[in-house]
Number of protein chains: 2
Amino acid sequence: MLCSGWAFRHVQLSNGGRQILKFLFPGDVVFSETLLSQAEASNPSYSAKALTDIQLCSFSAGALREKCRSYEIAAQALLQMLTEDVRTAYELVTVLGQHAAEGRIAHLLLSLMRRVSQQALAVDRRYPFPLRQQHVADAVGLTPVHVSRVLTSFRDRGLLTLGDGMLVFHDLAQLDRIASLQS
Amino acid sequence: MLCSGWAFRHVQLSNGGRQILKFLFPGDVVFSETLLSQAEASNPSYSAKALTDIQLCSFSAGALREKCRSYEIAAQALLQMLTEDVRTAYELVTVLGQHAAEGRIAHLLLSLMRRVSQQALAVDRRYPFPLRQQHVADAVGLTPVHVSRVLTSFRDRGLLTLGDGMLVFHDLAQLDRIASLQS
DNA sequence: CGGACCTTTGAGCGTTATCAAGTAGTGTGG
DNA sequence: CCACACTACTTGATAACGCTCAAAGGTCCG
């Protein structure tokens with residue numbers, strides 16, 4: 001489990017690319033979807049990487065499974081965690097299936113910052129942002145080149161500023177509109 | 001829970017479109033990800049539709065949650081179901097993020113038929129296929145027009161035949177290659 | 001026969017990928 | 001202190017891809 005810092009879960013693809021599945025913040029379990037499977041018979045090559053310096057708390061998956069047998073609370077917590085994972089995965093599916101590049105990137109930035117700040121986003125407040133444009137590209141299924149173009153366009157339109165590990169929103173209303181596909 | 005027939009789970013979008021999240025076969029729980037939440041506070045408008053005549057077995061979600069407290073087996077089954085949902089959702093994310101149109105459609109057709117046949121696919125065997133091209137489009141994030149073009153191309157290349165509610169694979173090796181992005 | 005729905009096909013265009021070059025910033029070693 | 005490499009980002013030109021709009025054919029059903 002991640003205790004401090006940022007990380008992400010991804011699949012490594014045979015053609016050299018990768019798809020980022022989830023960004024991990026403190027409190028997130030790194031491989032929640034494989035907690036139960038003792039055999040680890042998952043064919044895709046799941047992996048995880050740190051984006052900043054991180055601290056981990058490790059625990060025994062076997063012991064947790066054992067706890068789930070005796071303590072109902074452990075099972076309930078695990079069920080809620082997985083339910084949340086399914087919901088956010090479906091949200092990502094919707095974004096990838098329905099949004100063009102601008103909507104994908106706007107959605108990613110907004111949802112990341114909402115998760116990390118745990119409260120409403122503020123205009124002109126600076127948020128730490130340790131991702132490279134390559135990570136954004138791998139998360140939303142675009143090339144780094146195109147991510148750069150979209151971010152430059154956002155900057156030129158006065159929507160946000162992104163650089164030096166900092167992200168500043170200037171026009172949240174407009175970004176929400178872009179991210180929410182009311183065409 | 002679906003007992004017979006085909007159905008699918010989707011989100012209805014504000015702009016009139018929809019994203020299909022999962023195709024449902026007998027044994028699948030229609031809304032597995034909302035089984036636990038009593039409040040139903042999910043903002044996206046999840047929905048489900050039948051593709052064929054279907055039969056449902058209904059049960060009380062409250063009673064199931066109650067069972068999870070007392071019977072460890074119920075909790076274990078629910079956990080496995082959700083874990084599987086997370087895995088397949090991540091697979092769909094990878095497909096949408098990394099594949100072009102041909103790969104997306106090939107992947108969808110192959111994985112659907114693998115799920116429905118529960119065994120290795122056979123060349124030149126006919127599989128029932130109740131989806132319209134509109135459904136394929138909504139599942140993989142393309143327009144029906146482009147789905148038609150890709151399917152026509154598959155047909156012209158002798159890879160498969162799709163029509164009249166039937167799907168016939170002619171070149172599984174080639175289709176697997178297209179679906180597995182070894183560029 | 002008419003209408004509704006699905007599919008196919010064409011033309012044009014917008015979006016995104018690819019390839020390539022150029023610009024910083026940063027750290028390394030002479 | 002200055003080449004040098006290395007990485008990240010930007011920008012341009014070109015091409016592939018997929019969308020939109022439109023028309024036509026097919027099937028089914030009233």
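Residue numbers begin at 1 in each chain, while the letters A, B, ... track the order of the sequences.
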Between C1' on C:dC5 and CG on B:Leu131, what's the gap in Å once rounded to a whole number?
16 Å
If you count the non-hydrogen atoms of other residues, nucleotides and ligands that lie under 6.0 Å from CZ in B:Arg157, is the total more than 12?
yes
Considering only side-chain heavy atoms of B:Leu142, which listed nucleotide, D:dC21, D:dC19, C:dC19, is closest?
D:dC19
Protein-nucleotide distance (B:Arg149, atom CZ; C:dT8, atom P), rounded to Å:
11 Å
Under 4.0 Å, counting only non-hydrogen atoms across every strand here, what does B:Arg104 touch: a base, just sugar-phosphate, or nothing?
nothing
Which distance, rounded to the nearest 0.5 Å, do you find between the CG of A:Leu78 and the CD1 of A:Ile73?
13.5 Å
Rounded distance in Å - NE2 (B:His99) to C1' (D:dC17):
16 Å
Within less than 4.0 Å of OP1 or OP2 of C:dT7, is there a side-chain N or O belonging to B:Ser148?
no
Between B:Asp138 and B:His10, do the side chains contain an N or O donor and an N or O acceptor separated by less than 3.5 Å?
no
In this structure, how many angstroms lie between the C1' atom of C:dA17 and the CG atom of A:Asn15, rounded?
14 Å
Can you tell which of D:dC19, C:dT16, D:dT20 lies closest to the side chain of A:His146?
C:dT16
Centroid separation under 6.0 Å, is that true for the rings of B:Trp6 and B:Phe25?
yes
